[in-house]
Engineer: 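Sharing a structure here in structure tokens format.
Per chain, numbering begins at 1; letters A, B, ... match sequence-line order.
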Amino acid sequence: MGSYRTHPPLDEAVRRQPRFSIAIPYYYTKAFRENPGKPNIIRMAEGLRLVLENLPIVIRPDELIVGTFDEDIPIAVPRPEATGLNIMGELRNLGERHVNPIRVSEDDIRVFEEEIYPYWREYNFNTYAREVVPEEYVDVALWAELYIPTEVGGIAHAILDYPALLSRGLKYYLEKAREKIKILGEEADKDPDALRKIPFYKAVVIIAEALIKYAHRYAEAARELAEEEGDPLRRRELLKIADVCMHVPENPPRDLHEAIQFIWFIHMAVHIENFEHGISFGRIDQYLYKYYDGDREYALRLFKNLFLKVNEIVALYDSLATMYFGGMSTTQGLNVGGVDRSGGDATNELSYIVIEAIKENNMPNPNLIVRFSRDSPERLYNAVRDVLAAGVNAVAVVYDDIGIKALMGDGASLEEARDYGIVGCVGLSTGGVGFNNTAAIFFNLAKPLETLFRDDLPSSKYVDRPSLSSIKSMDEFIAYYRESLKSLLSIAVKAANAYQYANMVLKPTPLMSICIRGCFEKGLDVTEGGAKYNFRGVHIAGFADVVDSLAAIEKAVFIDGVVSLEELGRALKKDFRGYEKLLNYLLYKCPKYGNDDDQVDKYARLLVDMLYEIVSGMRNFYGEKYRLGIHAMTTHVGFGLFTGALPSGRKSGKPLANDIGPRMGGEKGVTASIRSVTKIDLTKVSNGFAYTLTLNPRIVGAEEGRIFIGLLRGYHRLGGFHMQFNALSADILRDAQRNPGKYRDLLVRISGYSARFIDLPREIQDEIICRYEYKG
Amino acid sequence: MNREEYALIFDIQRFSLGDGPGIRTVVFFKGCPLHCLWCHNPESQNPSPELLFRYMRCISCMDCIPKCPRDAITDLGEPLAIDRGKCDVCGICVEVCPSHALEICGRKMSIEEVIREVLRDRVFYRYGGVTLSGGEPLYQYSFVSRLLRELKKHGVHTVVETCGHVPREAFEEVAGYIDLLYYDLKALDDERHKMFTGVSNKLIISNLEYLAGKDVDIIIRTPVVPGYNFIDIESGICRLIEYVDSLGIDRLELLPYHRFGEEKYRMLGREYGISLQPPSIKTLEEAVDKCGSKRVSVDIIIPLLT
């Protein structure tokens with residue numbers, strides 16, 4: 001503590017290269033070892049308690065919001081009960097690996113290998129899942145090319161119920177839990193459920209006490225520091241921090257500072273307990289508004305502080321997983337704007353402050369998604385435009401009408417639907433009222449297509465391959481595709497359900513459970529389905545590849561008769577070697593999705609309808625729905641490596657389509673792309689989707705932002721939902737020079753002229769890049 | 001050209017910025033009375049359909065050679081040679097080519113077809129609209145006038161880009177349906193004008209002065225091609241701004257020369273007439289600062305990547 005001044009500021013600390021940290025698994029292992037006979041939920045609570053008791057207390061010179069995972073941040077944490085063991089073979093290489101290197105110390109490696117790993121080697125989700133589904137479903141060979149059931153890493157992807165937590169304070173949970181334990185104890189001779197729930201409430205008591213104690217440790221530290229502090233301004237701040245940490249999270253907050261500190265203590269602890277994937281804030285501008293007193297400067301500072309801190313932890317993946325989930329992002333979702341429960345637009349001053357905080361920090365997390373309604377003020381459009389014009393990519397926008405309709409289609413009430421949040425990157429969810437892991441499964445949509453043409457793939461044995469020569473029409477082909485899709489998706493679902501089961505048995509999550517409405521009242525952990533809604537989501541990779549492929553097959557085989565299905569299969573197997581003419585025909589003469597061409601766009605709509613119908617028929621471990629989503633994260637790269645050539649003209653091993661948008665890009669530009677995408681019934685993609693536009697930041701600011709607003713409003717009027725932006729940069733242009741096929745839609749425009757960037761000769765491209773770097 | 005059911009159009013380009021305010025669809029009409037040496041849309045000049053050879057897409061499969069009924073294609077080029085004298089733009093090679101490397105530039109479209117195409121982006125025209133360009137759209141002014149009227153019926157904001165070298169009656173017919181007119185003035189000096197565009201600027205100036213007296217929103221557009229239509233940039237810009245001001249017009253756009261159109265000449269089998277480095281934007285900005293009038297606002301247009 002005396003070395004307070006030697007801690008680097010948070011702003012600096014959080015931008016360092018991440019460090020492999022074993023503190024969390026170390027203490028959980030200790031708790032599990034020391035309490036072998038106790039119910040798992042209590043072992044989990046003890047684990048959290050031990051971690052909180054042993055975390056170093058560090059207050060950085062620029063912090064108002066305190067509580068840190070370590071002095072040396074960011075940290076990357078192995079979860080040995082889940083996928084953490086996959087990192088075993090790579091531990092010594094972590095610092096040198098090419099993608100996402102992570103610092104690691106010899107001591108930590110030794111402790112992990114000798115003390116932590118042995119405990120979990122046979123006690124983890126995989127060993128459990130293998131007992132309930134066929135082993136091949138849990139095997140890397142199938143996963144690499146077909147699906148990833150992410151709950152192998154643990155459950156996650158939830159919007160925490162901060163409104164409820166803030167209004168009650170942890171003492172509410174403490175008192176009620178103790179009461180419940182007493183009452184249940186009395187019922188135990190009559191009610192079988194009574195005994196089942198007692199461990200849950202005991203766990204809550206342990207956790208609530210541990211969190212309150214942790215906060216008090218900070219109060220004490222802050223007081224000590226204040227006594228030594230020379231700068232009167234900072235001394236006042238430290239005394240305030242001490243006051244705040246005495247009050248929250250035990251009690252409901254009295255002001256914005258306390259509310260945000262409360263949130264951080266919980267948020268941080270949830271990240272200790274859980275797989276750090278998609279743990280989200282929900283509609284922070286709505287539930288914090290009542291604490292805002294008008295001091296804009298102070299509020300901005302508090303938010304910036306909080307938003308920096310969420311970057312203290314990053315996701316740890318072994319090198320194979322990194323191909324699917326590159327970037328180490330924890331994708332903590334955050335929402336502002338949109339309508340309130342009674343349907344009126346609820347954008348408020350905090351909405352703008354939050355946006356500004358995101359813009360100024362310019363960090364990958366949290367992931368801001370701005371909700372727009374019919375009545376969103378122009379100021380909100382301008383605020384988003386300013387962030388994008390500054391080249392900050394980390395903001396997406398969604399449109400209320402479609403989100404609300406989609407959630408009601410899933411069974412939410414109108415009010416619940418109006419209060420929706422985006423969890424993780426794109427997941428559409430009912431706020432803290434549901435545990436809707438929208439990223440439970442990532443699925444390669446192109447593989448069921450490929451298995452119709454090939455019998456030499458790991459997925460092949462699960463598909464009844466028809467004889468290609470017997471298929472006489474496009475309708476027949478589509479029927480076979482549907483069967484293939486259904487068979488393979490059902491395997492993915494079974495595997496995912498097995499992991500939900502494994503999580504329930506091996507790793508209940510008591511802290512997460514009090515953060516999701518319903519669990520505490522029922523005395524049922526989240527992993528037991530205690531939440532009001534327990535949806536799971538399937539996210540698709542390769543959407544545009546399949547749309548383009550279906551259109552290509554229709555034209556090449558059934559309309560022009562240029563090639564038979566069998567010949568096409570042979571060409572695919574050979575990756576088009578010896579079939580250059582066919583390849584060019586498929587690439588350039590077959591219509592592509594994204595050009596507002598009904599001949600191909602109809603397959604986008606058909607595919608979504610088909611997927612929706614299949615997915616709706618499936619159930620998760622809790623007997624509730626799977627929902628359809630289209631968003632790959634980076635699984636399109638990993639899956640792409642293991643997917644061969646496709647009828648769209650895509651070559652073997654290349655990345656698949658990443659989101660719901662077109663592949664070869666609207667050669668006709670952005671508006672044509674938007675028209676194509678909005679031909680889909682987007683309310684059926686109720687798990688959420690990503691639609692990414694690459695835009696020149698100059699356009700975003702052009703004509704006082706009216707181009708940008710015109711695009712957004714047009715998209716919304718056409719029934720659009722999600723849109724996010726990728727700022728066009730000189731790097732992208734250079735990539736276009738190397739990989740022209742990826743950038744058919746990149747256009748150079750100047751009054752009355754346009755050409756595709758990739759069609760221009762090299763020297764002219766270089767000239768444009770040069771100009772771009774200076775003037776944009 | 002008189003009353004026509006169809007117009008010859010060589011492109012309809014959506015999400016266009018810089019051809020009028022907001023998000024626009026631009027309709028490019030084929031045929032132009034001018035043949036400016038620096039033209040970046042050479043495919044717009046000839047009023048008939050032409051064959052465009054995107055040679056970078058050619059994979060030398062040679063399928064087109066035997067199929068051409070005029071024997072116009074041989075393999076003596078890089079990668080192919082097309083004898084434009086023999087070619088009658090029948091389009092058989094276009095069908096045959098697997099890579100879409102051959103294209104016919106210029107397609108007949110009816111009013112209904114054009115309307116249908118441009119209204120696809122209607123939802124974005126709240127701040128935007130449709131621009132008619134080319135080539136010279138008013139070369140086919142009877143069609144254009146009917147098209148403009150249809151567009152106004154649909155409540156669409158209309159922009160027309162013209163070089164001005166068309167009969168007076170063309171403007172008389174369309175002026176009432178144009179929200180904004182971009183009027184190109186390639187050079188004030190008639191001798192220069194004839195040398196570099198192939199025609200005199202007398203008719204252009206006369207039409208401009210006529211329009212300036214009417215209730216039409218006009219923006220003057222002038223390319224800056226050093227050594228051609230501008231010898232001394234500063235004095236040239238000053239003269240231009242003075243002239244625009246004298247007409248009572250308050251907006252001028254300067255279009256610094258760029259080479260992006262070069263490739264298209266090759267694709268058409270034509271020679272590119274000039275070879276030039278683009279002028280420095282800074283020079284133009286300084287000249288505008290020196291000569292700028294309080295009334296005329298001058299914009300320098302640089303390429304936009306979308």
Side-chain angles (χ1 to χ4, degrees), chain A residues 562 580-589 595-596 666 668-675 678 694-696 698-699 702-703 706-707 709-711 713-718 728 732-733 740 745-755 757-761 763-764 767-769 771-772 775-776, chain B residues 11-23 25-26 28 40-41 44 54 56-57 59-61 63 95 97-101 120-128 131 133-135 161 182 184 221 223 253 255-256 258-264 266-267 278 281 301-306:
Chain A
V562 150
E580 282 73 31
K581 269 181 10 197
L582 179 60
L583 174 59
N584 273 266
Y585 170 89
L586 293 170
L587 282 174
Y588 299 113
K589 292 208 127 155
N595 294 313
D596 197 11
K668 304 260 171 104
V670 161
T671 51
S673 167
I674 289 175
R675 292 257 307 169
T678 51
T694 301
L695 271 191
N696 186 339
R698 255 183 73 197
I699 290 179
E703 302 186 44
R706 276 176 287 189
I707 307 267
I709 294 180
L711 264 184
R713 282 216 173 113
Y715 177 55
H716 293 164
R717 295 241 308 268
L718 289 169
L728 186 60
I732 291 185
L733 296 175
D745 60 330
L746 188 55
L747 298 162
V748 177
R749 293 176 190 275
I750 184 169
S751 335
Y753 163 98
S754 109
F757 182 79
I758 60 169
D759 281 345
L760 297 169
E763 322 83 65
I764 296 196
E767 184 187 313
I768 294 178
I769 292 177
R771 282 210 223 189
Y772 194 77
K775 281 210 130 176
Chain B
D11 198 4
I12 296 185
Q13 187 178 285
R14 295 159 74 165
F15 193 59
S16 290
L17 314 173
D19 289 289
I23 296 174
T25 296
V26 182
F28 290 90
H40 61 210
N41 282 341
S44 72
R54 294 194 189 275
M56 6 24 179
R57 289 216 207 145
I59 55 168
S60 301
C61 70
D63 274 11
E95 278 301 305
C97 174
S99 314
H100 223 338
R120 282 172 183 270
D121 273 353
R122 187 195 203 145
V123 76
F124 301 102
Y125 293 160
R126 190 172 136 158
Y127 179 63
T131 297
S133 179
E161 297 178 347
Y182 279 97
D184 282 6
R221 266 206 181 144
E253 281 184 4
L255 278 47
H258 63 79
R259 295 184 304 159
F260 302 141
E262 250 178 74
E263 283 317 290
K264 294 201 201 174
R266 197 172 152 193
M267 290 196 256
I281 307 295
I301 307 300
I302 55 181
L304 188 66
L305 280 156
T306 64

Engineer: So for A:R706, is it side chain, backbone, both, or neither that comes closer than 4.5 Å to the heavy atoms of chain B?
Structural biologist: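 Interface part for A:R706: both.
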Engineer: Can you tell me how far apart CZ (B:F124) and CZ (A:R717) are? Round to the nearest 0.5 Å.
Structural biologist: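 Between B:F124 CZ and A:R717 CZ, I get 9.5 Å after rounding to 0.5 Å.
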Engineer: Measure the CD1-CD1 distance between A:I707 and B:I23 for me, rounded to the nearest 0.5 Å.
Structural biologist: 5.5 Å
Engineer: Mind checking the NZ-CD1 spacing from A:K581 to B:I59? Nearest 0.5 Å is all I need.
Structural biologist: 7.5 Å
Engineer: Please report the C-alpha distance between A:L587 and B:H100 in whole Å, then the side-chain angles of each, then the deciding distance to 0.1 Å, and finally whether the side chain to side chain contact (heavy atoms under 4.5 Å, CB included) criterion is met.
Structural biologist: CA-CA 9 Å; A:L587 282 174; B:H100 223 338; over 6 Å; no
Engineer: Quick one: do A:E703 and B:Y127 satisfy side chain to side chain contact (heavy atoms under 4.5 Å, CB included)? Show the steps, please.
Structural biologist: CA-CA 10 Å; A:E703 302 186 44; B:Y127 179 63; 2.7 Å; yes
Engineer: Using non-hydrogen atoms and a 4.5 Å limit, figure out which bit of B:R120 sits close to chain A: side chain, backbone, both or neither.
Structural biologist: both
Engineer: Could you measure the distance from the CG atom of A:D596 to the CG atom of B:D121? Nearest 0.5 Å is fine.
Structural biologist: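 It comes to 7.0 Å.
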Engineer: Which value, rounded to the nearest 0.5 Å, describes the distance between A:L718 atom CG and B:R122 atom CZ?
Structural biologist: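 If I round to the nearest 0.5 Å, the distance is 12.0 Å.
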Engineer: Restricting to salt bridge (Lys or Arg N to Asp or Glu O under 4.0 Å), what partner residues turn up for A:K589, sequence neighbours left out?
Structural biologist: none
Engineer: Which atom pair, heavy atoms only, marks the closest approach of B:R14 to A:K668?
Structural biologist: CB-O, 3.7 Å
Engineer: Output the distance between atom SG (B:C97) and atom OH (A:Y588), rounded to the nearest 0.5 Å.
Structural biologist: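 Here the interatomic distance stands at 10.5 Å.
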Engineer: Side chain, backbone, both or neither: which part of A:L582 has a non-hydrogen atom closer than 4.5 Å to chain B?
Structural biologist: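 Answer is neither: A:L582 stays 4.5 Å or more from chain B.
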Engineer: Partners of A:Y715 by ring-ring contact (aromatic ring centres under 6.0 Å, His included), sequence neighbours excluded?
Structural biologist: A:Y691
